[in-house]
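In what follows, a structure is listed as structure tokens, so that the remarks can point back to it.
Here the structure is a predicted model, which is why all the values come from computation and not from measurement.
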Amino acid sequence: MAGVSAASAAGKIGSFLSKRPYAPPSWASHLSPAPSQTFSLGHFPTPIHKWNLPNLPNGTEVWIKRDDISGMQLSGNKVRKLEFLMADAVAQGADCVITVGGIQSNHCRATAVAAKYLNLDCYLILRTSKLLVDKDPGLVGNLLVERLVGAHIDLVSKEEYGKIGSVALADLLKKKLLEEGRKPYVIPVGGSNSLGTWGYIEAIREIEHQIQISGDVQFDDIVVACGSGGTIAGLALGSKLSSLKAKVHAFSVCDDPGYFHSYVQDLIDGLHSDLRSHDLVNIENAKGLGYAMNTAEELKFVKDIATATGIVLDPVYSGKAAYGMLKDMGANPTKWKGRKILFVHTGGLLGLYDKVDELSSLSGSWRRMDLEESVPRKDGTACRISSTSLSGLIPYLVCTFISINSSRGIKATQSQKPTNLLNKRRN
């Protein structure tokens with residue numbers, strides 16, 4: 001069950017976390033190998049709605065596909081890939097899964113949750129700085145969820161990761177687990193292999209159906225962040241083969257466009273497609289200072305977009321993609337003029353918690369509520385708060401309580417407590 005039939009069955013009791021047979025869309029039936037089954041791990045279809053971004057070129061419309069709300073602790077674009085990868089792991093008799101990522105990897109967090117949903121153990125190899133590799137990684141952001149669900153965490157330094165590579169690191173851990181009698185299944189970085197690519201081939205079928213039932217929207221372009229390649233491979237291949245025919249624009253948040261074109265080509269070749277990556281997707285560099293690193297301007301952009309539209313972008317993926325998109329629109333308005341664009345929000349909200357120190361100066365102001373006027377109380381009394389000074393030396397907060405009693409008349413009491421006027425109202 002997939003596509004339209006899967007969406008219509010989503011509300012059925014017991015359908016979530018269930019295994020179901022999978023049949024590819026008719027326009028993708030020639031791709032192989034095709035998965036035969038999938039697990040229901042996400043809440044699909046995710047909504048598409050108008051995104052009222054400021055300063056767009058004349059006639060340009062941006063719509064947003066909310067894959068950030070495909071779940072809660074299991075959310076974002078990784079869910080679509082894991083539906084197929086986890087089904088394969090279970091089919092192969094695995095009792096645990098291994099995957100690799102950065103210290104705040106959304107993919108690793110999603111994998112840890114999906115594994116526990118399906119009663120599998122999860123082993124995460126997380127890349128961190130040389131200074132922190134021997135220290136407790138803490139409970140910030142994605143780490144909190146991973147550790148709450150019992151994931152086993154192995155830390156490696158960025159230098160070790162660069163020398164050894166993700167594949168060799170996962171194979172090393174797999175060998176150790178096999179020697180212990182376990183049955184591990186390795187999921188690549190970002191879930192981005194040819195099997196994981198089916199997650200966003202299927203997403204195109206979902207978008208295609210949403211367009212059909214709406215009847216009044218067609219998209220010229222799809223814009224998305226690129227961090228490991230699987231999402232853009234599925235979107236680009238699906239858009240080309242389906243009725244959608246939208247041009248896919250990817251903003252890479254790590255590595256460079258040449259690397260990703262090569263990687264995407266390997267993924268679509270793995271599905272025995274004769275199409276070329278360069279014909280399917282335009283990839284632009286948006287990594288800035290580097291993966292998971294942000295300039296003050298990028299973080300301010302994330303804050304400003306949230307304030308203007310209510311959409312909270314993550315700083316690692318969709319934040320950089322949206323920043324790159326609007327920057328390009330400003331530099332090349334004729335390129336985007338009159339276009340209808342679908343921006344795919346790939347999630348990652350928990351990654352913001354790793355940036356709280358940098359965001360604190362940008363976030364909204366606060367103050368203590370002003371209660372200087374008479375305020376009625378639940379017990380029928382009233383309180384007038386004012387500040388005064390006795391002998392001009394010690395500040396006091398004077399509160400006069402006036403209570404009404406039917407048998408005793410009116411009684412006034414006064415209490416005086418020292419306070420610091422500088423703390424009376426904080427901004």
Side-chain angles (χ1 to χ4, degrees), residues 16-19 38-43 67-128 132-133 136-156 161 166-167 169-174 176-177 180 182-193 195-196 199 227-228 230-231 291-292 314 316-317 346-354:
F16 184 58
L17 303 185
S18 65
K19 184 170 67 175
T38 179
F39 267 103
S40 173
L41 299 176
H43 304 305
D67 274 10
D68 59 311
I69 55 175
S70 57
M72 190 176 176
Q73 67 266 36
L74 182 58
S75 63
N77 62 323
K78 314 303 182 184
V79 184
R80 294 188 185 271
K81 304 173 188 181
L82 288 169
E83 289 198 326
F84 293 94
L85 293 163
M86 285 301 197
D88 191 45
V90 171
Q92 292 191 28
D95 63 7
C96 59
V97 295
I98 300 169
T99 197
V100 188
I103 193 69
Q104 283 294 334
S105 168
N106 297 314
H107 163 70
C108 288
R109 178 255 309 154
T111 302
V113 174
K116 192 56 62 174
Y117 277 167
L118 303 178
N119 200 30
L120 302 175
D121 285 335
C122 181
Y123 291 82
L124 304 177
I125 301 172
L126 300 182
R127 181 181 67 250
T128 189
L132 299 176
V133 73
D136 188 318
L139 296 171
V140 173
N142 288 301
L143 282 162
L144 174 62
V145 176
E146 291 161 358
R147 299 182 76 175
L148 283 176
V149 300
H152 305 271
I153 295 175
D154 286 305
L155 299 179
V156 296
Y161 184 92
S166 63
V167 175
L169 286 167
D171 285 344
L172 178 63
L173 182 52
K174 179 181 179 180
K176 291 180 180 178
L177 291 172
E180 296 173 6
R182 304 300 302 271
K183 298 176 182 178
Y185 179 92
V186 175
I187 296 174
V189 173
S192 292
N193 57 13
L195 178 59
S228 59
T231 296
Y291 177 72
D314 79 292
V316 179
Y317 297 100
T346 53
L349 179 63
L350 287 169
L352 275 171
Y353 289 91
D354 197 42

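Under a 3.5 Å cut-off, the side chain of E83 and the backbone N or O of G42 do form a donor-acceptor pair. Between the T99 side chain and the I187 main chain, a donor and an acceptor come within less than 3.5 Å of each other. With hydrogens and angles disregarded, a donor-acceptor distance shorter than 3.5 Å links the side chain of S70 to the backbone of G76. Between the side chain of R109 and the backbone N or O of G348, no donor-acceptor pair lies under 3.5 Å.
In this view, L148 and L144 satisfy the side chain to side chain contact (heavy atoms under 4.5 Å, CB included) rule, not counting sequence neighbours.
Residues L169 and Y161 approach most closely at CD1-CD1, 3.8 Å, considering heavy atoms. The heavy-atom pair separating C96 from Y123 by the smallest distance is CB-CE1, 4.0 Å. In this structure, T38 and A87 approach most closely via the heavy-atom pair CA-CB, 3.7 Å. The heavy-atom pair separating S192 from K81 by the smallest distance is OG-NZ, 3.1 Å. Between F16 and S40, the shortest heavy-atom contact is CD1-O, 3.6 Å. Scanning all heavy atoms of the two residues, the minimum distance from G102 to L126 falls at O-CD2, 3.5 Å.
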- Task: Please assess V113 against K116 for the test side-chain contact (heavy atoms from CB on, under 4.5 Å), listing each intermediate value before the final yes or no.
- Result: CA-CA 5 Å; V113 174; K116 192 56 62 174; 5.9 Å; no

- Task: May I have the step-by-step check of side-chain contact (heavy atoms from CB on, under 4.5 Å) for L349 and D68, ending in yes or no?
- Result: CA-CA 8 Å; L349 179 63; D68 59 311; over 6 Å; no

- Task: May I have the step-by-step check of side-chain contact (heavy atoms from CB on, under 4.5 Å) for I153 and L143, ending in yes or no?
- Result: CA-CA 9 Å; I153 295 175; L143 282 162; 4.1 Å; yes

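Ring orientation note: the planes of Y317 and Y291 are nearly perpendicular, at an angle over 60° on the 30°/60° scale.
Within the 4.5 Å cutoff, no side-chain heavy atoms of C108 are placed close to those of N142.
For the atom pair CG (N106) and CG (L74), the distance works out to 11.5 Å, reported to the nearest 0.5 Å. Interatomic distance, CD1 of I98 versus OG1 of T111, reported as 12.0 Å (0.5 Å rounding). Distance CG/D121 to NE2/H152: 4.5 Å, rounded to 0.5 Å.
Test M86, K78, R80 against L41 for side-chain contact (heavy atoms from CB on, under 4.5 Å) and you get one pass: M86. Of the candidates V140, L350, V316, Q104 forms a side-chain contact (heavy atoms from CB on, under 4.5 Å) with just one, namely V140. Here the options are V133, I125, L132, the test is side-chain contact (heavy atoms from CB on, under 4.5 Å), and the partner is L155; only V133 passes.
Residue-environment remark: CG (D136) exceeds the threshold of 12 foreign heavy atoms within 6.0 Å. When the shell of 6.0 Å around OH of Y117 is examined, it contains more than 12 heavy atoms from other residues, nucleotides or ligands.
A salt bridge between D95 and R182 is present, with a side-chain N of the basic residue lying under 4.0 Å from a carboxylate O of the acidic one. Salt-bridge check for D154 with K176: failed, with every basic side-chain N at 4.0 Å or more from each acidic carboxylate O.
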